[in-house]
Structure formats: structure tokens, C-alpha cells
Number of protein chains: 2
Amino acid sequence: MPDAMSGKRVPSRELFDLVAGHFRVLGEPARLALLHSLADGERSAASLLAEMKISQANLSKHMTVLCQAGFVTRRREGPYVHYQLADARVLSLCELMCDRLESDAISAHELIATRMLRED
Amino acid sequence: MPDAMSGKRVPSRELFDLVAGHFRVLGEPARLALLHSLADGERSAASLLAEMKISQANLSKHMTVLCQAGFVTRRREGPYVHYQLADARVLSLCELMCDRLESDAISAHELIATRMLRED
DNA sequence: TTTCTCCATTCCCATATCGTTGTACGGGAA
DNA sequence: TTCCCGTACAACGATATGGGAATGGAGAAA
């Protein structure tokens, strides 16, 4: 039975590339911190620059990447630029990942506790 | 009022590094395809190698990365090795990202349609 | 034991990406 | 107009990462 008739989804290589590319955008600590700073609402480039400990050029590049990925929108107001989360689901992704890591940490902790109780 | 008393979570740089590192693991098309292949259950290394169009060394390296990230578990059975998803939530992450991309695509489509209807 | 299979690891190269520096663009004020 | 400020872009070096080829190592069979 061919996949087309099985009802099962068969992702194409292009889809994997696209999804992986967006995960890679989230695979940068500085960009995660920037997204986190935008969680409370719109922020100006200057305020982000003041908060983060990165250079102006670096900030601009990271924000460009986030905009191209569709995670953030850019709004120009005179000489100033304001950034905003384009989609709150991005934060859901981060929270989901954090939950996973937390579970792993707990499991590791229990494993260590078990080993300490066990008589080798 | 300090952050510690505001109830607001202030992630550390180490947490951003950790989360970003795990997102980077998902930022590889081949690894996403491997995770997808494991969605239906345990698979042997040989069957994964037969399905994917990558070299044996490459497969082994990718699976090692997935195991170290805690996404996959490795089980040895004689000379054979079987891999299994360690956490179904990984698939949730991928689905969430796909939903986002789908929404973007729809938005882009509507935008194009609007422009086509508009008289410039 | 030897030999074979299956998988992991190591080394090397090509490519990609991050951060810095310097520069260019664009808007507002003088 | 000229100047300054805020931001984006380009070019560079350093580092990281994926892929291929070769090697290593564990286990099973002879």
C-alpha cells in the first residue's frame, strides 16, 4: 500500500530542511534571550541593546534572522526600530523544551539517588 | 523590587545555552528525519540506514547526538543496536513548529492574494 | 583461536555561522 | 546643505559542525 493511500504523513526533504532551519534559529542562546525579552511586549532596539551584552551589529543580525524566520516583526518609527513577537507560539516551543530538560534533570537526579542507595 | 521577589522567571545564561543546544540538535534535517522514522516505535540501526540515504558513519554520529540530547535511547542486542524515542514530546515540538510554518504559509498566501486583488 | 559482521570513533576537509570591525544608509536637527 | 545619531550591511578571522574515508572494537560464528 503506497504511502499516499495509507493516510500516513510522509514529509519531504524540503519540509525537513525548512523545519530544521527554524529550529536552528532557536539554537542560539543570544536569540533565545532576545525572544525572552520580547515576551512582555514590544521593545526598541536600543533597549534590547542596553539589556543584552552584545554589540549593536550583532543585535541587528540576530534580529534580522529572527524576522526572516517569522518569529519577530520589525516596526520602524522615525530613526528608531521596534521589535515585537510575531507569534506567541515561539514561547510555547521554548517552554516545551524547558519542560523536557527539567524532566531529564529530575530523572538524572533520581538515577543518582538510586545509585547512592544501591550497594555495589 | 528584585527579580527574585517579583515571581518572574529570569533564565540564566546557562539555561539559554542548554536550551539552545537542544534546539540545535533539532536543527538538522537528517536528525529530524531520523526522529520521524522512530515515531512508530523502535527501529534497528540497519533499518534506519536502509531507509535514510546517509552513510553508516553519519547515521551513527547523528544517533549519538540524539542520544546525548536525551531524545533517543540506544539498546544493544548482540551485535545489533536498536533505537527508540526517549520522549514523545520531541514530536510535539516538531508538530508545533510545523503548525507555525503552516500558518505562515497561509498568511503569505493570503497576502499574495490580497495584492493580486488590489489595484496598484 | 581467527574471521566476519555490525556499529562507533577518529581524522580530515569543506562549509556554515558567530562575533568584531568598519562602513554605509536614512532620518532628524542645526 | 552639513552634522549626528540609530540602525543595517559588508568583510574579516575564529570556531563549530556535517560528511566522507579509514580505523577501532565488540560480539557471533566457524
Side-chain angles (χ1 to χ4, degrees), chain A residues 13-38 42-84 86, chain B residues 13-38 42-84 86:
Chain A
R13 197 171 101 61
E14 286 76 20
L15 181 59
F16 284 132
D17 286 348
L18 187 64
V19 175
H22 281 73
F23 273 128
R24 224 171 328 172
V25 171
L26 299 182
E28 234 19 59
R31 287 196 282 265
L32 290 182
L34 288 168
L35 289 174
H36 181 79
S37 295
L38 294 175
E42 195 183 60
R43 299 271 312 256
S44 70
S47 76
L48 288 174
L49 183 58
E51 181 180 348
M52 314 290 303
K53 302 191 186 309
I54 60 177
S55 68
Q56 181 271 325
N58 218 347
L59 174 71
S60 180
K61 275 199 292 188
H62 281 311
M63 296 314 290
T64 298
V65 171
L66 288 170
C67 287
Q68 286 176 341
F71 293 140
V72 166
T73 59
R74 173 183 279 153
R75 183 173 68 84
R76 178 145 215 144
E77 200 177 55
Y80 303 103
V81 171
H82 297 268
Y83 293 102
Q84 191 173 10
Chain B
R13 196 169 104 57
E14 287 76 21
L15 181 59
F16 284 131
D17 286 349
L18 187 63
V19 176
H22 282 73
F23 273 128
R24 223 172 323 163
V25 170
L26 299 183
E28 212 53 31
R31 286 196 282 265
L32 291 182
L34 287 168
L35 289 174
H36 181 78
S37 294
L38 293 176
E42 195 182 60
R43 299 273 308 259
S44 70
S47 75
L48 288 174
L49 183 59
E51 181 179 348
M52 314 290 302
K53 300 191 188 309
I54 59 179
S55 69
Q56 181 271 322
N58 221 341
L59 173 71
S60 179
K61 279 196 285 191
H62 280 311
M63 297 313 291
T64 299
V65 171
L66 288 171
C67 287
Q68 286 176 342
F71 293 142
V72 166
T73 60
R74 195 194 310 243
R75 182 173 68 83
R76 178 146 214 145
E77 201 176 54
Y80 303 104
V81 170
H82 298 269
Y83 293 102
Q84 190 174 10

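All heavy atoms count here, side chains included; hydrogens, waters and symmetry mates do not. Chain naming here is simple, since letters A, B, ... match the order of the sequence lines and numbering starts at 1 in each.
- A straight line from OH of B:Tyr83 to C1' of C:dC6 spans 11 Å, rounded to a whole angstrom.
- Side chains of A:Met52 and A:Asn58 form no contact here, defined as non-hydrogen atoms less than 4.5 Å apart.
- The CZ atom of A:Arg43 sits 13 Å away from the P atom of D:dT7 (whole-angstrom rounding).
- Taking atom CD of residue B:Gln68 and atom P of nucleotide C:dT9, one finds them 8 Å apart after rounding to whole Å.
- Between the C1' atom of C:dC7 and the CD atom of B:Glu77 lies a distance of 15 Å, rounded to the nearest Å.
- The nearest whole Å value for the distance from the CZ atom in B:Arg75 to the P atom in C:dC6 is 17 Å.
- Closest to the A:Arg74 side chain, of the nucleotides D:dT7, C:dT9, D:dA8, is D:dA8.
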Taking it one step at a time, do A:Glu77 and A:Arg75 satisfy side chain to side chain contact (heavy atoms under 4.5 Å, CB included)? CA-CA 7 Å; A:Glu77 200 177 55; A:Arg75 183 173 68 84; 3.3 Å; yes

Just list the side-chain donor-acceptor pairs under 3.5 Å for residues 15-31 of chain B, sequence neighbours left out, or say none.
| unit_1 | atom_1 | unit_2 | atom_2 | d |
| --- | --- | --- | --- | --- |
| B:Asp17 | OD1 | B:Arg13 | NH1 | 3.4 |
| B:Asp17 | OD2 | B:Arg13 | NH1 | 3.2 |
| B:His22 | ND1 | B:Leu18 | O | 2.9 |
| B:His22 | NE2 | B:Ala69 | O | 3.2 |
| B:Arg24 | NE | A:Gly27 | O | 3.1 |
| B:Arg31 | NE | B:Val25 | O | 2.7 |
| B:Arg31 | NH1 | B:His62 | ND1 | 3.1 |

Return the polar atom pairs (N/O with N/O) between nucleotides 13-19 of chain D and the protein under 3.5 Å, or none.
| unit_1 | atom_1 | unit_2 | atom_2 | d |
| --- | --- | --- | --- | --- |
| D:dT17 | OP1 | B:Arg24 | NH1 | 3.2 |
| D:dG18 | OP1 | B:Arg31 | NH1 | 3.3 |
| D:dG18 | OP1 | B:Arg31 | NH2 | 2.6 |
| D:dG19 | OP2 | B:Asn58 | OD1 | 2.9 |
| D:dG19 | OP2 | B:Asn58 | ND2 | 3.3 |
| D:dG19 | OP2 | B:His62 | NE2 | 2.6 |
| D:dG19 | O5' | B:Asn58 | ND2 | 3.0 |
| D:dG19 | N7 | B:Lys61 | NZ | 3.0 |

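- Taking every heavy atom of both residues into account, A:Met63 and A:Leu34 meet most closely at SD-CD1, 3.6 Å.
- Counting only heavy atoms from C-beta on, B:Ala57 has its side chain closest to C:dT9 among D:dT7, C:dT9, C:dC7.
- We find the OG-CG distance between A:Ser60 and A:Leu49 to be 10.5 Å, quoted to the nearest 0.5 Å.
- Nucleotide D:dA8 holds its P atom 12 Å from the NE2 atom of A:His82, rounded to whole Å.
- Checked against A:Tyr83 for a side-chain hydrogen bond (donor to acceptor under 3.5 Å, both in side chains), the options A:Arg74, A:Glu42, A:Arg43 give a single hit: A:Arg74.
- In this structure, A:Ser47 and A:Glu51 have side chains that are not in contact, with every pair of non-hydrogen atoms separated by 4.5 Å or more.
- Rounded to whole angstrom, the span from the CD atom of B:Gln56 across to the C1' atom of D:dG20 amounts to 12 Å.
- Between A:Ala45 and A:Leu59 the shortest heavy-atom distance is O-CD2, 3.4 Å.
- Applying a 4.0 Å cut-off to non-hydrogen atoms, the residues of residues 44-53 of chain B that approach DNA chain C are B:Ala45, B:Ala46, listed by residue number.
- Between A:Gly70 and A:Ala86, the shortest heavy-atom distance links the atoms O-CB, 3.4 Å.
- In this structure, CE of B:Met63 is placed 11 Å from P of C:dC7, rounded to the nearest angstrom.
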